[in-house]
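Since the structure comes first, as structure tokens, the remarks are kept for the end.
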Amino acid sequence: MTTSSLSPLILVDGSSYLFRAYHVPYLQALSTADGQPTGAITGVLNMINSLKKDYPQGNVVVVFDAKGKTFRNDLYPEYKANRPPMPEDLRSQIAPIHEIITAMGLPLLVIEGVEADDVIGTLARQACDLGIETVISTGDKDMAQLVSPNVRLINTMTDVEMDEAGVLEKFGVKPDRIIDYLALMGDKVDNIPGVEKCGPKTAVKWLTAYDSLEGVIANADQVKGKVGENLRAALEQLPLSYELATIKLDVALEQGVAELRPKEANVEALTALYQKFELRRLLAELTAGQVAGDGTDAAGEAEAEPEISAEYDIIYEQAAFESWLKQLDEADCFAFDTETTSIDYMKAELVGLSFACEVGKAAYVPLKHDYEDAPGQLDIDYVLGKLKPLLEDKNKAKVGQNLKYDANVLAHYDIELQGVAFDTMIESYCLNSVATRHNMDALAEKYLGYKTMHFEEIAGKGAKQLTFNQIDIEKAGFYAAEDADITLRLHQAIYPQLEKSPNQLSVYQNIELPLMPVLAKMEQHGVLIDSDLLDQQSRALGKRLEELEVEAHNIAGKSFNLGSPKQLQQILFEELKIPVIKKTPKGAPSTAEEVLQELALDYPLPKIILENRGLSKLKSTYTDKLPLMVAGKTNRVHTSYHQAVAATGRLSSTDPNLQNIPIRSEEGRKIREAFIAPENHKIVAIDYSQIELRIMAHLSGDPGLVSAFTQGRDVHRATAAEIFAVDLDQVTSDQRRSAKAINFGLIYGMSAFGLSKQLDIGRHQAQQYMDKYFERYPGVLTYMEDTRSQATEQGYVETLFGRRLYLPDIKSKNQMRKKGAERAAINAPMQGTAADIIKKAMLAVDAWIREQNDPRIKMTMQVHDELIFEIHQDIVEETTAKLVEIMNNAVDLDVPLIAEAGIGDNWHQAH
DNA sequence: ACCCATTCCTA
DNA sequence: GTAGGAATGGGTA
């Protein structure tokens, strides 16, 4: 029986499903025996079959994007310019999908010069004219503009249908204003320009107030504030954005809706295809269908693959807990996560624990939920007592997300977490440090295409946010169990990718993962601060700041806030009529330090502002703040080192940031006097000398630069001698300063323009210096050129140890971005190799300290090229010598690696 | 209460 | 010119 002419039209946006299926992790693993990936094929077919099942009377038509440019590229050349090319393992699945769909007998449309959306739009409109009901199956929000009384959308992933009321509810505007809405927001992914800072909320607000895009444009001058300016700046672009966002309804099609009818399935061809791509389940169903004598609908009866589905238990009873314990004990590897009262590991108290041994099955063990009428929970000492042997067993593999945090929390419960076999945060960071942020929500979205439940959804936000112990156990249990489950799924999605790249896997296994417990130990131990000294400094600074404020107000002739750049601009450039030297990126007259420095030569106020700025920075950020960060438990300050933040491989430090404690200015340096050693101990600071320049020498292999280091010369002096063609002992201090600026500039990927600004010389002169430099050190020039072309060709650069940094902007058509990416490409191998080296040194140092088993030696801080220790005075000399030796030999380069040590009662003295 | 731009601290 | 974090003011929600 054929479908009647009034059976609903089901339009499938094949391309949208293709991409979604490609990113589903359990599908990613699928391939034929000879390696042809089949995950996307399977996914798309499952979705089509599931649709056929949901709409048995439906007339299914499948539409895909064609290869190549579309009319939108003609309208706007940058359209979708940011899209990376389609990955090969996806591309190779397209032709098979087309073949299979055709063999199934379904009409398949692939029209060049337009997108699938436009074909779907056109068909929907034709159907509408014929009075046929249409359902569009897509994951693309842009399609909402097509919704009408006769046209609905369905999201097959979520099985949610959307009619006109649904569009209004979801987007806040009716379907006939969706294009206006999209035009205002623009689209980062497709590179459609919109109004800067205008997101869904603002777009809806404006469309509600002014009805349509036309209305918004007409009333643009009434919109206040920054967004208003952005709107006015975008006025000319908006009609183009509108056009780009508009789905065409009049594509010329060879076959209209009336002609698009399903044919008999070609069972023979289908069988061959299913065999070829080893789609066993589909094959089995096809055969079963044949036997039942129902060839055409065989595939339609297929069960869809289950989506992310899960069974989460909440454990209240001892018996249930012990049964889980047994599962954990028997599992090769399990995921676990702690739920606590705070993100600050020093304040966090355990509220519950979650576990997962296999995907889709997880459990939450609530322990300390204490809201009114909270149900009874297992005793924390009992639970931890049972778990302790498992958690401390280094042969029992665990996987987690940012387990350093959990390790720090558990340390307060006398559990030393061991056997951390995998950490999904670090996996993602080692695979691609810049593709995403590395928190679980972002990872789940990127690698699983799954939106996790956000903490705010169960805890609320702002001042009224609940802590975990106050959250209803049933809600909390789902969230917590999901975390463990998702962690396991993430590991399964990310780790196989990491394994494909031996160098990156090595960085993960040999550097990052072993470093985690070392960092945890440093964080736990903390650093000792002399709060009294800092308080004293705060008072002195406060007094001086008051004096400066009075002086400044006198000169200005009125009172103003010295800390406000805006008010200062007003005073300096409008009231005192001082000339503007430089503008901020936003176009306001800049009052940055270099500007004030120059103005200070001719005017009195800038000098006062400079001193005020410097001192108030010291006071607010350091002398006031640090004493407040001393933890009650230990009387010390405990930073957090972040292992998955810096793109280049460096660590970063927050709460407080101990990697930017002042040293350059006299007053600032004093703050380091407050970083003290405990009784009978010394602070030892050991830093690598010129590490990045040495790495440049090693990586470039330039003979001149290498020999400068092997012969132990002052490298800046040696460089100056070469550039200025004078003897080493004839180099003036000015020449050395210039050479130093060039050496550093090179590490930063600098241009002649940058150097001229740095040295305050002409551009021509700067170019001459650089030419001379490259003439003397041609290996460096070759290295820079090679790095740049390597970055362009493969899209990433690598450190000496194989850490990778991807540079998506290297292909940008925006010259600013492209140049920026080139500079980053030059810098990353050097900064990143330095990061690798000090991390290796930390591992070697930690191994040695553990071997000594001597509590009188502690590593307390890392500041990129420097390690800081607390060492008992009785053993400080020999221990320091040993540590220097370990750091010197952390890696083997073609130039010597030199660490220099200082010893003192505080960090200042140790420098 | 939150987001942003600006400024300034480090390697 | 590279890589970070934090404080501040000021506008908007």
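Chain A is the first sequence line, chain B the second, and so forth, proteins listed ahead of strands; every chain is numbered from 1. Quick caveat: nothing in here was measured; it's all calculated off a predicted structure.
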Which is true for A:Gly749 with a 4.0 Å heavy-atom rule: it touches a base, it touches only sugar-phosphate, or it touches nothing? nothing
Could you walk me through whether A:Ser590 and A:Thr584 pass side chain to side chain donor-acceptor pair (under 3.5 Å), step by step? CA-CA 5 Å; A:Ser590 170; A:Thr584 67; over 6 Å; no
Applying ring pair (Phe, Tyr, Trp, His ring centres under 6.0 Å), name anything that partners A:Tyr622, two or more places apart in sequence or on another chain. none
So, with a heavy-atom separation below 4.0 Å from DNA chain C, the residues of residues 611-628 of chain A are A:Lys617, A:Ser620, A:Thr621, A:Lys625
Would you kindly say whether A:Gln862 and A:Gln659 are connected by a side-chain donor-acceptor distance under 3.5 Å? yes
Nearest-Å distance, NE2 (A:His864) to C1' (B:dC9)? 11 Å
Tell me, please, which residues at least two apart from A:His716 pass ring pair (Phe, Tyr, Trp, His ring centres under 6.0 Å). A:Phe744
Scan residues 657-668 of chain A against DNA chain B and write down, sorted by residue number, each residue with any heavy atom closer than 4.0 Å; if none is found, say none. A:Gln659, A:Asn660, A:Ile661, A:Pro662, A:Ile663, A:Arg664
Of all pairs that satisfy salt bridge (charged side-chain N to carboxylate O under 4.0 Å, His left out), the ones with a partner from residues 827-840 of chain A, not counting sequence neighbours: A:Glu512-A:Lys839, A:Arg803-A:Asp836
Applied to residues 742-756 of chain A, the salt bridge (charged side-chain N to carboxylate O under 4.0 Å, His left out) test, sequence neighbours excluded, yields none
Is the shortest side-chain N/O distance from A:Arg823 to OP1 or OP2 of C:dT2 below 4.0 Å? yes
Are any of A:Gln567's side-chain N or O atoms less than 4.0 Å away from OP1 or OP2 of C:dG10? yes
A:Arg763 NZ/CZ over A:Phe753 ring centroid, <6.0 Å and within 45° of normal: no
Verify the contact: side-chain N or O of A:Asn561 to OP1 or OP2 of C:dG9, cut-off strictly under 4.0 Å; return yes or no. yes
Under the ring pair (Phe, Tyr, Trp, His ring centres under 6.0 Å) rule, collect the residues that match up with A:Tyr210, sequence neighbours excluded. none
As a test of reading the structure: which of C:dG1, C:dA3, C:dA6 is closest to the side chain of A:Asn827, going by heavy atoms? C:dA3
In whole angstroms, how far is the P atom of B:dA11 from the CD atom of A:Gln690? 13 Å
Give a yes or no on whether A:Lys811 atom NZ has more than 12 heavy-atom contacts from other residues, nucleotides or ligands under 6.0 Å away. yes
At under 4.0 Å, does any side-chain N or O of A:Thr591 touch on OP1 or OP2 of B:dT7? yes
Regarding A:Ala647, tell me which of base, sugar-phosphate or nothing describes its non-hydrogen contacts under 4.0 Å with the strands shown. sugar-phosphate
Which part of the nucleic acid, if any, lies within contact of A:Lys461, taking any heavy atom under 4.0 Å across all strands shown: a base, the sugar-phosphate backbone alone, or nothing? nothing
Whole angstroms only, please: what is the NE2-P distance between A:His642 and C:dA3? 18 Å
Candidates C:dA3, C:dG4, B:dT7 - which lies nearest the side chain of A:Pro565: B:dT7
If the plane angle is over 60° it's perpendicular, under 30° parallel, otherwise tilted; pick one for A:Tyr429 and A:His438. perpendicular
Do A:Asn408 and A:Glu523 have side-chain atoms, one donor and one acceptor, less than 3.5 Å apart? yes
Tell me which residues in residues 537-547 of chain A put a heavy atom below 4.0 Å from DNA chain B, sorted by number, or none. none
If you measure from OG1 on A:Thr719 to CD1 on A:Ile742, what distance do you get to the nearest 0.5 Å? 8.0 Å
Over all strands shown, is A:Glu692 touching base, sugar-phosphate only, or nothing at heavy-atom distances under 4.0 angstrom? nothing
Quick one: A:Asp865 CG to B:dT10 C1', roughly how many Å, whole number? 10 Å
In whole Å, what is the span from the NZ atom of A:Lys566 to the P atom of B:dC4? 16 Å
Salt bridge (charged side-chain N to carboxylate O under 4.0 Å, His left out) filter on A:Lys543, not counting sequence neighbours, yields none
For A:His454, check side-chain contact (heavy atoms from CB on, under 4.5 Å) against everything at least two apart and list the hits. A:Asp441, A:Thr452, A:Glu457
Can you list, in residue-number order, the parts of residues 833-843 of chain A that come under 4.0 Å of DNA chain C, counting heavy atoms only? none
N/O (side chain, A:Ser590) to phosphate O (OP1/OP2, B:dT7) under 4.0 Å: yes
How long is the line joining CD of A:Glu456 and P of B:dA1, in whole Å? 14 Å
Those residues at least two apart in sequence (or on a different chain) that pass ring pair (Phe, Tyr, Trp, His ring centres under 6.0 Å) with A:Tyr773 are A:Tyr777
What's the CG-C1' distance between A:Leu568 and C:dG10, to the nearest Å? 15 Å
For the pair made of CD1 in A:Ile609 and C1' in B:dC8, what is the distance, rounded to whole Å? 15 Å
